[in-house]
*Asks:* 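Before I ask anything, here is the structure I am working with.
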There are 2 protein chains.
Amino acid sequence: MTEGRALKHVQVREYVRSLVSGAAPGSPAPSERELVQRFGVARMTVRQAMDALVVEGLLERIPGRGTFVARPRRVASRLTSYTEEMQRRGLLAESQTLLARREQAGPGVARALNLTEGDAVIHWRRLRRADGIPMCIEDAYLNEILIPGFLQAGMPTSLYEALDARGLRPTWAEDSITADVATEEEAGLLETETGAAVLRHSRRAVAEEKVVEVSRSVYRADRFTMWVQLGEEG
Amino acid sequence: MTEGRALKHVQVREYVRSLVSGAAPGSPAPSERELVQRFGVARMTVRQAMDALVVEGLLERIPGRGTFVARPRRVASRLTSYTEEMQRRGLLAESQTLLARREQAGPGVARALNLTEGDAVIHWRRLRRADGIPMCIEDAYLNEILIPGFLQAGMPTSLYEALDARGLRPTWAEDSITADVATEEEAGLLETETGAAVLRHSRRAVAEEKVVEVSRSVYRADRFTMWVQLGEEG
DNA sequence: GAGTGGTCTAGACCACGAT
DNA sequence: TCGTGGTCTAGACCACTCT
């Protein structure tokens with residue numbers, strides 16, 4: 001209807017999607033035979049369309065009864081950047097670059113980035129604030145080969161948005177989280193006391209099968225609680 | 001072959017699965033027409049079988065070339081229990097019950113468990129060790145209605161295994177993680193110093209759409225680093 | 001009994017990749 | 001040119017639910 005060129009199963013799929021988007025969970029979707037009539041296609045074609053929506057988690061089939069809008073599934077946390085995370089909390093995210101330069105990768109960073117020691121990496125150290133108050137210090141190390149001209153382009157507000165623009169938005173990450181107390185230097189930057197509780201967060205972020213970012217952050221524990229959703233429920 | 005009763009697409013699917021299990025990523029799977037011949041079924045039946053394995057992430061189709069064993073996908077962390085987590089680290093998990101009784105839910109616990117204040121909950125406090133050394137103190141609150149006779153049955157070694165036996169294995173959880181310093185009481189139990197860094201971990205665990213467990217744990221930061229995998233990569 | 005989704009057949013034509 | 005997966009047809013029978 002809308003697209004003469006579109007594949008039939010795509011047409012049916014998008015028609016059903018538009019029908020049920022916004023509908024309450026449990027609402028009935030059109031029956032398969034009804035869609036066969038409406039689009040004048042074979043039932044297998046309709047099933048192909050519906051299968052996609054079922055896999056997506058939008059629809060749920062109940063044999064003998066029909067097809068219905070599925071209850072939204074609880075899913076694992078999406079990978080978010082600091083900027084997005086603060087926005088979600090209703091806080092204004094700001095960053096102050098303390099350091100941004102080309103360095104030779106040390107042994108730890110090289111291993112984490114799948115590079116050889118001495119390879120060029122970009123080291124970017126920022127003091128990050130939320131609503132104007134220090135929240136964390138982040139040291140990010142980036143694989144320079146993947147993002148040529150990054151330093152010259154001027155530092156972006158959001159690292160993940162900048163990576164996204166290069167088609168390297170991280171989609172998977174391995175994080176480690178531990179508790180510690182602030183060193184004197186950290187306490188100074190974070191405007192807190194030496195010995196105050198801090199959360200240390202390390203991340204190894206992957207995009208397109210390549211490790212693009214390795215970072216170490218230290219958060220003021222009095223300002224930051226990490227939230228994680230794990231697993232998946234039908 | 002193996003099962004006369006089995007549906008044809010299941011037979012084909014399991015045959016292909018057995019063929020490619022253990023095969024290196026990139027190895028070719030049988031072509032669809034080859035399977036049509038072998039099983040004497042229609043091509044749509046073979047496609048149904050292969051579709052399932054593709055959705056599962058086991059196979060990958062490349063138009064014009066064939067179907068191949070997919071590279072293992074990076075997925076988000078599974079929901080694990082303390083016992084499983086320590087096993088994964090090669091440590092011996094032990095628990096010492098400090099308290100296990102029926103209580104009336106306070107406001108916080110009631111809200112977290114979707115109950116009304118004053119409803120019966122099971123409060124289970126344990127000192128957990130790893131290789132004999134204190135690792136954390138955990139206070140778990142369980143919805144008694146979902147697990148009648150739990151206290152009388154004798155406390156199990158693993159809470160999650162006990163829930164699993166009742167068909168209530170948590171599949172999804174909402175965790176919060178923050179850093180703090182140990183109180184005097186905590187330090188005593190954990191055999192560390194008052195003011196030492198600790199990781200506070202709260203969990204709200206869901207099984208079958210019902211909140212079954214709410215817990216608060218405090219880990220010795222010198223012994224415990226949390227690992228989390230986020231997102232998903234094709 | 002009427003309607004639903006689940007399974008299955010025996011073909012067909014297409015675009016694409018390899019040779 | 002040949003083999004591959006992608007799409008599509010026009011039927012069929014089944015088990016199940018609802019009324």
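The chains referred to below are lettered A, B, ... by the order of the sequence lines, with proteins before strands, and numbering in each begins at 1.
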*Asks:* D:dG6, D:dT7, C:dT7: which one has an atom nearest the side-chain heavy atoms of B:Leu7?
*Replies:* C:dT7
*Asks:* For A:Phe39 and D:dT7, what is the distance between atoms CZ and P respectively, to the nearest whole Å?
*Replies:* 17 Å
*Asks:* Quick one: on DNA chain D, does A:Arg33 or A:Arg65 contact a more 5' nucleotide (nearest heavy atom)?
*Replies:* A:Arg33
*Asks:* Can you identify which nucleotide, out of D:dG6, C:dA10, C:dT7, has its nearest atom closest to the B:Met44 side chain?
*Replies:* C:dA10
*Asks:* Round to the nearest Å and state the distance from A:Leu53 atom CG to C:dG5 atom P.
*Replies:* 13 Å
*Asks:* Salt-bridge test for A:Glu85 and A:Arg89: reply yes if a basic N is under 4.0 Å from a carboxylate O, no otherwise.
*Replies:* yes
*Asks:* A:Glu34 CD to C:dA2 C1': how many Å, rounded?
*Replies:* 15 Å
*Asks:* Expressed in angstrom and rounded to an integer, what is the separation of A:Arg13 atom CZ from D:dC8 atom C1'?
*Replies:* 16 Å
*Asks:* Does the side chain of B:Arg38 pick up a donor-acceptor pair with the side chain of B:Tyr15 at under 3.5 Å?
*Replies:* yes
*Asks:* Between D:dG6, D:dT9, C:dC8, which nucleotide gets closest to the side-chain atoms of B:Pro63?
*Replies:* D:dG6
*Asks:* Mind calculating the distance between CD (B:Gln11) and P (C:dT7) to the nearest angstrom?
*Replies:* 13 Å
*Asks:* What's the CD-P distance between A:Glu60 and C:dT4, to the nearest Å?
*Replies:* 17 Å
*Asks:* Give a yes/no answer on whether the side chain of A:Thr45 brings an N or O atom under 4.0 Å of OP1 or OP2 in D:dC8.
*Replies:* no
*Asks:* Give a yes/no on whether any side-chain N or O of A:Ser31 is located under 4.0 angstrom from OP1 or OP2 of C:dT4.
*Replies:* yes
*Asks:* So which nucleotide from C:dG5, D:dG6, C:dC8 ends up closest to the side chain of A:Arg43?
*Replies:* C:dG5
*Asks:* Is there a donor-acceptor contact under 3.5 Å linking the side chains of B:Glu213 and B:Tyr160?
*Replies:* yes
*Asks:* Is the phosphate of D:dG5 approached by B:Arg47 (side-chain N or O, under 4.0 Å from OP1 or OP2)?
*Replies:* no
*Asks:* What I want to find out is whether A:Glu233 reaches A:Arg73 closely enough, with some N-O distance under 4.0 Å, to be called a salt bridge.
*Replies:* no
*Asks:* Whole angstrom is fine here: how far is it from CD in A:Glu32 over to C1' in D:dC13?
*Replies:* 15 Å
*Asks:* Could you give the CD-to-C1' distance, from B:Gln37 to D:dG3, as a whole number of Å?
*Replies:* 13 Å
*Asks:* Please pick, from D:dC8, C:dT9, C:dG6, the nucleotide with the shortest atom-to-atom distance to any side-chain atom of B:Lys8.
*Replies:* C:dT9
*Asks:* Looking only at side chains, do B:Thr178 and B:Arg200 share a donor and an acceptor under 3.5 Å apart?
*Replies:* no
*Asks:* Establish, with yes or no, whether the OP1 or OP2 oxygen of D:dG5 is under 4.0 angstrom from a side-chain nitrogen or oxygen of B:Thr67.
*Replies:* yes
